[in-house]
2 protein chains.
Amino acid sequence: MKKVPEGTISRLFIYLREITELARMNIRTISSAELGERTNLSDAQVRKDLGYFGHFGVSGAGYDTNELKQALEKILGKDKTWNVAVVGVGQLGSALISYSGFKKHGLQFIAALDADTKKVGKKVGEITIESIGELPKVVSNKKITIGIIAVPAEGAQEVAEKLMAAGVECLLNFAPVSLNVPENVKVKDVDLSRELETLSYFLANKK
Amino acid sequence: MKKVPEGTISRLFIYLREITELARMNIRTISSAELGERTNLSDAQVRKDLGYFGHFGVSGAGYDTNELKQALEKILGKDKTWNVAVVGVGQLGSALISYSGFKKHGLQFIAALDADTKKVGKKVGEITIESIGELPKVVSNKKITIGIIAVPAEGAQEVAEKLMAAGVECLLNFAPVSLNVPENVKVKDVDLSRELETLSYFLANKK
DNA sequence: TAATATTTGTGAAAGATTGCACAAAGTCTG
DNA sequence: CAGACTTTGTGCAATCTTTCACAAATATTA
Ligand SMILES: NC(=O)c1ccc[n+]([C@@H]2O[C@H](COP(=O)([O-])OP(=O)(O)OC[C@H]3O[C@@H](n4cnc5c(N)ncnc54)[C@H](O)[C@@H]3O)[C@@H](O)[C@H]2O)c1
Ligand SMILES: NC(=O)c1ccc[n+]([C@@H]2O[C@H](COP(=O)([O-])OP(=O)(O)OC[C@H]3O[C@@H](n4cnc5c(N)ncnc54)[C@H](O)[C@@H]3O)[C@@H](O)[C@H]2O)c1
């Protein structure tokens, strides 16, 4: 199969979100042009993105929303669920754990770890905070496949290494540091300061 | 001047973060190769990115950390500060408002708005939550230039419109919807579900 | 059923970004 | 201070992504 751009994957989730809404509203078909309009993308982009995975449309009519919904769910692995651990239960970690929206995407937040002994044993939502020392056991017992790093920058690399040593190969990193990881590990950085700073750069440099 | 890729801007903030750390540790010079190593980028990428803005290095020696730090701060508008309003003071909004790390990047969180009358008047950190009805007044009085949308998806477009009507042209959107905005408005989406889902897609599709 | 209108799927073109490779500039050593 | 070594800055090539544009497929209309 031809290599699929990462941007395409990200957009497929956007299409799926929109299509799900359309199907819910009993709209049966949609053209690439309309779908593009709703997602602020071009019709060609929509068709090319979908084209990487097969032929889902009907010439002259467009895409059947229910069919496309099912197809996208299959492609994107929505039938599977993944177990997620949050390391660092501060402001951000707590917000993530409490967020109910992840469940419907097959993301099960089932573990929370913190180094602060005062927090260990407390509950956030349904989850009891465990000691960072328990990490290897927790990862293996709870079959964690995704680790979220929500500790301060200083501790992030160390936490990443503990997670990787325990076998976690997917990390979502909120700490503002460039993590060092081997090739087989996939890291996504969410650097909120940088997002905002990039905005302010454009603010400062717009004519 | 030649068009600067958006990725370059984003990376300049990464270089600045690293260089600041180096300067703090009294390391005086660094080569593009070393800087690349520390940020997981190639030496060529580092040089090309910097090359958009001038000649900061010395052949045979590399870059002076203090000089480069100052140059980057100037380029990135770090001398300026921007006033930020958060709309939607729930789990996520509260975490953002309480986060102290933004200040050192020239981002002043000085307003918080919510539609929930039970929340209005309460404090989050230093900031008192105001009613969403006050938005136009708040934006103008407090000279807000960046708006953060942290309300549920259903309300996001409406909030965006209120912010834009009040003159805000930069939005950071956490709601999982594709916002519709005119050309002059810059939106950055932070879609945490999508970030995680993209990770899980790669998990599902790795060999 | 035939003529017209839509809309897909996809090569090929255009555009954007990244990586290569090397001359030129500067450092360092003895 | 000469020669060896290091490192920058940058055209150019390679790669990756998006857009264009149109034949082919299907729908619609009369
Ligand atoms: N809160 C935000 O809005 C925000 C915004 C931008 C970036 N961030 C980044 O996200 C990360 C978390 O931010 P926060 O505001 O939630 O911080 P926080 O200080 O509220 O929470 C951090 C938590 O991590 C725990 N911790 C520290 N070191 C640890 C370790 N080695 N192992 C396990 N747990 C450890 C602490 O006990 C604490 O509970 C930081 O890196 C921060 O820079 C946060
Ligand atoms: N919390 C997370 O970890 C997380 C993760 C991913 C995405 N998100 C997204 O971020 C957004 C906020 O999430 P949250 O968990 O903080 O939600 P929340 O329910 O905790 O808070 C939402 C807040 O917005 C207020 N609000 C609702 N409609 C409003 C309106 N029209 N004007 C002003 N205020 C309004 C509510 O009163 C509430 O205080 C949502 O769109 C959510 O999908 C959050």
Side-chain angles (χ1 to χ4, degrees), chain A residues 1-15 18-19 22 27-69 71-72 75 178 183 189 194 198 201-202, chain B residues 1-15 18-19 22 27-69 71-72 75 178 183 198 201-202:
Chain A
M1 205 207 290
K2 220 189 302 170
K3 206 187 143 285
V4 181
E6 186 146 347
T8 292
I9 304 302
S10 187
R11 285 188 297 272
L12 290 186
F13 287 105
I14 299 179
Y15 305 145
E18 205 59 41
I19 283 285
L22 292 166
I27 294 171
R28 297 300 179 74
T29 62
I30 191 165
S31 67
S32 56
E34 283 175 276
L35 186 50
E37 182 133 345
R38 285 173 163 272
T39 53
N40 300 310
L41 296 160
S42 73
D43 58 333
Q45 180 89 79
V46 171
R47 291 197 301 279
K48 180 128 293 188
D49 283 340
L50 296 175
Y52 284 108
F53 298 92
H55 303 190
F56 306 111
V58 177
S59 299
Y63 301 86
D64 178 292
T65 49
N66 282 304
E67 273 175 32
L68 185 55
K69 178 164 176 281
L72 285 174
I75 292 165
S178 305
E183 259 201 22
D189 291 302
R194 217 166 76 223
T198 309
Y201 170 85
F202 281 95
Chain B
M1 201 207 290
K2 220 190 303 171
K3 205 189 142 282
V4 181
E6 185 146 345
T8 292
I9 303 302
S10 187
R11 284 189 297 272
L12 288 185
F13 286 105
I14 299 179
Y15 305 146
E18 204 60 39
I19 283 286
L22 291 165
I27 293 170
R28 296 301 180 75
T29 62
I30 190 165
S31 66
S32 56
E34 283 175 277
L35 186 50
E37 181 134 347
R38 285 172 163 272
T39 53
N40 300 311
L41 297 159
S42 73
D43 58 333
Q45 179 90 78
V46 171
R47 291 198 300 279
K48 182 134 288 189
D49 283 340
L50 296 175
Y52 284 107
F53 296 93
H55 303 191
F56 306 111
V58 177
S59 299
Y63 300 86
D64 179 292
T65 50
N66 282 304
E67 272 176 32
L68 185 54
K69 177 163 176 283
L72 286 175
I75 293 165
S178 306
E183 260 201 20
T198 310
Y201 170 84
F202 280 96

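First the proteins, then the strands, lettered A, B, ... as listed; each starts at 1.
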Divergence of helical axes at both termini of the helix from C/dT1-D/dA30 to C/dG30-D/dC1 - five pairs an end, 10° steps | 20°
Polar atoms only, N or O, under 3.5 Å: list the protein pairs with nucleotides 1-3 of chain C and their distances.
none

Might you point out which heavy atoms bring A/Tyr201 and B/Ile75 nearest each other, and give the distance in Å?
-> CE1-O, 3.5 Å
A/Ser178 and B/Ile14: which non-hydrogen atoms are nearest, and at how many Å?
-> OG-CG2, 3.8 Å
Partners passing side-chain hydrogen bond (donor to acceptor under 3.5 Å, both in side chains) against A/Asp189 (at least two apart in sequence or in another chain) | A/Asn173
Ordered by number, residues from residues 28-43 of chain B within less than 4.0 Å of DNA chain C (heavy atoms) are B/Ser42
Can you tell me how far the CD atom of A/Glu18 sits from the OG1 atom of A/Thr39, to the nearest 0.5 Å?
-> 6.5 Å
Mind checking what makes side-chain hydrogen bond (donor to acceptor under 3.5 Å, both in side chains) contact with A/Tyr63, not counting sequence neighbours?
-> none
Measure the OG1-CD distance between B/Thr29 and B/Glu34 for me, rounded to the nearest 0.5 Å.
-> 7.5 Å
For nucleotides 23-30 of chain D, read 5' to 3', which letter fits each nucleotide if B means a protein heavy atom sits under 4.0 Å from the base, S means only the sugar-phosphate is that close, and - means neither?
-> --BBS---
Taking N and O atoms by type only, does the side chain of B/Lys48 place a donor or acceptor under 3.5 Å from a partner on the base of D/dG11?
-> yes
Look only at the side chain of B/Thr65 and the backbone of B/Ile27, and say whether a donor-acceptor pair between them is shorter than 3.5 Å.
-> yes
Quick one: closest heavy-atom pair of B/Phe56 and B/Leu50, and the distance?
-> CE1-O, 3.5 Å
All heavy atoms of A/Ile9 vs all of A/Phe53, minimum pair found to be CD1-CZ, 4.0 Å
To the nearest 0.5 Å, how far apart are OG in A/Ser32 and CG in A/Leu41?
-> 11.5 Å
How close do B/Tyr15 and B/Val46 get, heavy atom to heavy atom, and via which atoms?
-> OH-CA, 3.5 Å
Would you mind telling me which of C/dG9, D/dT18, D/dC20 lies closest to the side-chain atoms of A/Gln45?
-> D/dT18
Interatomic distance, CD1@B/Ile30 vs CG@B/Asp64, rounded to 0.5 Å, equals 11.5 Å
Between D/dG9, D/dT17, C/dT8, which one does the side chain of B/His55 approach most closely?
-> D/dG9
